[in-house]
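Below you'll find the structure, written out as structure tokens, and then a few comments.
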Number of protein chains: 2
Amino acid sequence: MDSPALRRPYRREGEEKRRDDLIAAAMTLVAEGGPEAATVRAIAARAGVTPGLIRHYFQSKEELTHAAYRQVMEAMTAEAIRACDAAPADDPVARLAAFVAASFRPPVMTPLIVGVWAGYMHLGRNDPVMHEIHESTYLGYRDQLQHLIAALPRPADPARDRREAIACNALIDGLWLEGGSLPDGFAPGEVMRIALDGVATLLGIRFPADAYPAPSPGKTD
Amino acid sequence: MDSPALRRPYRREGEEKRRDDLIAAAMTLVAEGGPEAATVRAIAARAGVTPGLIRHYFQSKEELTHAAYRQVMEAMTAEAIRACDAAPADDPVARLAAFVAASFRPPVMTPLIVGVWAGYMHLGRNDPVMHEIHESTYLGYRDQLQHLIAALPRPADPARDRREAIACNALIDGLWLEGGSLPDGFAPGEVMRIALDGVATLLGIRFPADAYPAPSPGKTD
DNA sequence: GAATTTATTATCCAACTGTATAATTGCAAA
DNA sequence: TTTGCAATTATACAGTTGGATAATAAATTC
């Protein structure tokens, strides 16, 4: 009865690595099986540790959940902004194109991210912290988009900008959701191309050819 | 100690009514608190009956879940198609406008429906039946949209129609999601107006004025 | 080699899950 | 009124699972 005797061997890791591992494990599980799949035991198993360790780094499972969700969401917007800032500061059209394009390739559009988004989407209703995270990251993205639209070289019209930002944001959301959910339903780069075309059409502008992904090799249709 | 004595009084109802009540209760709970909130007991309580009754009308809770999801999803597409068919058969533009507009008012765009959609969105990954329901209703909607687009009076171009259907569908999805999630974030009719404008712009057409919702009273901005 | 703290282990305990069955009541026909 | 059936309630059950915790062992550090 009392022959534990062999104890699981383990390595000691830095706090940061362990926290990241646990967060990554939680995200993966949520993406795969929804929030209810991310139990303390499952998270620990996925991260290659034992359940007790979670409470060594997080005061509760809830805290881990919040940390994971925040990290995913903030990383997403941050990546889009980063790509946008990589474009010439004096070329609003190129900046907008870069922002949109970044939203449709990894690490923003991946089944993992979309899965996390979908899995947690519902928790915002009852959990105030989740709601705050969702709201701030969501509005952060949309605000950024609206800024980029307002910077376009054309007569100012704030009301129009708002409407167009809402429409573009919705188009991006919808495509991102589809593309991330059914990655096999589209040719490589197809979703991004549709998104760029759609945003350009909605705004009455044209994006330069180099804003688009490289054409699929082999065929020149 | 043994004085239960008073038994809950009840009414006898027809099978149809009870089934509908149970389905409605399940949907409401899912919309409010996600799938895990829709326990047998909670559903029964919400429907005003006792848990055992569920298994009198459904072989299992799973069966009730499937019935509820199917009903919500099918009703949604059916309503949009119904509105579309109410338009003149020989006016493709009006038919498309009616289809889009119907997607942005009750009973299609309501917090309940969006909540159910969000709550169950994730179950499609593991549960084959849920997946089938989701897929068929989703594709049904998109196919219908693509047919309406293909029927527009302009040179035929199937590839373009496909791209545009994907884009329009994404725009509609995104707006529907936003409008249903944050009904207070928009003025009455605003989401529908943005959707109609957006779809028209994406397709390079114009919808007649009477396709739009009545302007908000009081102000003529 | 001692001290420190990461990590493991084992367990707790409770809440709750869906299901099955038995007892009772409402209701309508006879 | 009485009878009988089916709708509904009530209770029981068997199992899972949940997150939390205290004590202990092993890495690493000094």
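Atoms considered below: every heavy atom in the structure, side chains included; atoms not considered: hydrogens, waters and symmetry mates. Every chain is numbered from 1 and lettered A, B, ... according to where its sequence line falls, protein lines coming before strand lines.
Residue B/R8 places at least one side-chain N or O closer than 4.0 Å to OP1 or OP2 of D/dT9.
Straight-line distance from the CZ atom of B/R41 to the P atom of D/dT11: 13 Å, rounded to whole Å. Atoms CG (A/L64) and C1' (D/dG18) sit 15 Å apart, rounded to a whole Å. Between B/E63 atom CD and C/dT19 atom P the separation is 10 Å, expressed in whole Å. For the pair B/K17 NZ and D/dA7 P, the computed distance is 16 Å after rounding to whole Å.
Residues A/F99 and A/Y141 place their aromatic rings such that the two centres sit under 6.0 Å apart.
Tested against A/V49, the residues A/D21, A/I43, A/L22 include a single side-chain contact (heavy atoms from CB on, under 4.5 Å) partner, A/L22.
A heavy atom lying under 4.0 Å from DNA chain C marks the following residues of residues 28-39 of chain B, by number: B/T39. For residues 49-62 of chain B, proximity to DNA chain C is found at B/R55, B/S60, B/K61, defined as any non-hydrogen atom under 4.0 angstrom from a strand atom.
For B/K61 (side chain) and B/I54 (main-chain N/O), no donor-acceptor pair under 3.5 Å exists by modelled atom type.
When distances are taken from the side chain of A/V40 to each of D/dG19, D/dT8, C/dT19, the shortest belongs to D/dG19.
Residue-level contact check: B/R18 touches the backbone only, with heavy atoms under 4.0 Å from sugar-phosphate atoms and none from bases. Heavy atoms of B/E15 sit nowhere under 4.0 angstrom from any nucleic acid atom.
Residue B/V30 comes nearest to A/H122 through the heavy atom pair O-NE2, 3.0 Å, listed as atom of the first residue, atom of the second, then distance.
Taking the charged nitrogens against the carboxylate oxygens, A/E132 and A/R70 do have a contact shorter than 4.0 Å, which makes a salt bridge. At a threshold of 4.0 Å, the pair B/E16-B/R18 does not count as salt-bridged, since none of the basic side-chain nitrogens sits closer than that to a carboxylate oxygen.
DNA chain D contains the following stems of three or more consecutive Watson-Crick or G-U pairs, with both distances under 3.5 Å: C:1-30 with D:1-30.
No donor-acceptor contact under 3.5 Å links the side chain of B/R11 to the base of D/dA7. A donor N or O paired with an acceptor N or O is found under 3.5 Å between the base of C/dT25 and the side-chain atoms of B/Y10.
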